[in-house]
Amino acid sequence: MTINITGRKTTIKDSFREEAEREMTRFDRLFDDDASAHITVSNEGGRETVEITIRSGGMIFRAEKTTEDRKQSLAQAGLHSGWHLLPFE
């Protein structure tokens, strides 16, 4: 799985990139090698939002979480049981 990480109104440190890549390895067994993941981190008003979007097999899987800490948001979004499935166009 290829992983892209983008910061919106914030900078992304290497330690967060490493944590995000580790978190996404949990999904390797669920998706083909051609799957791509995009993680967007944004900061507004002291709140850190992490959005995870995975494209695979004509589908889009998406989760989002906002907390006080971006690593906590990442972990909770990765564990989120209410992933949204969208048709890939």
Problem - Atom CD of Gln72 with >12 non-hydrogen neighbours under 6.0 angstrom - result: yes
Exercise for the section: Take atom CG of Asp33 as the centre, draw a 6.0 Å sphere, and report whether it contains more than 12 heavy atoms from other residues, nucleotides or ligands. Expected result: no
Would a 4.5 Å heavy-atom cut-off, applied to side chains only, mark [X] and [Y] as touching?
{"X": "Thr53", "Y": "Ile60", "result": "yes"}
{"X": "Thr67", "Y": "Gln76", "result": "yes"}
{"X": "Val50", "Y": "Thr40", "result": "no"}
{"X": "Ile52", "Y": "Leu74", "result": "yes"}

I'd like a table of donor-acceptor pairs (distance under 3.5 Å, sequence neighbours excluded) in which one partner is a side-chain atom from residues 1-21, with atom names and distances.
{"unit_1": "Thr6", "atom_1": "OG1", "unit_2": "His38", "atom_2": "NE2", "d": "3.1"}
{"unit_1": "Thr10", "atom_1": "OG1", "unit_2": "Arg70", "atom_2": "NH2", "d": "2.6"}
{"unit_1": "Glu19", "atom_1": "OE1", "unit_2": "Arg22", "atom_2": "NH2", "d": "2.8"}

Practice task
Give a yes or no on whether the ring-centroid distance for Phe61 and Phe27 is below 6.0 angstrom.
Solution key: no
Exercise for the section: Can you sort out the partners of Asn43 under side chain to side chain donor-acceptor pair (under 3.5 Å), two or more places apart, ordered by chain and number? Expected result: Glu48
Problem - Shortest non-hydrogen contact from Met24 toward Ala37 - result: CE-CB, 3.8 Å
Handout entry: Residue pair Ala77 / Ala63: nearest heavy atoms and the distance that separates them
Key = O-CB, 3.6 Å
Problem - Spacing of OG belonging to Ser73 relative to CD belonging to Glu64, to within rounding of 0.5 Å - result: 9.5 Å
Practice task
Look up atom CZ in Phe31 and atom CZ in Arg55, then write down how far apart they are to the nearest 0.5 Å.
Solution key: 13.0 Å
Handout entry: Side chain Asp69, main chain Lys71, donor-acceptor under 3.5 Å
Key = yes
Problem - Arg29: partners by salt bridge (Lys or Arg N to Asp or Glu O under 4.0 Å), with sequence neighbours left out - result: none
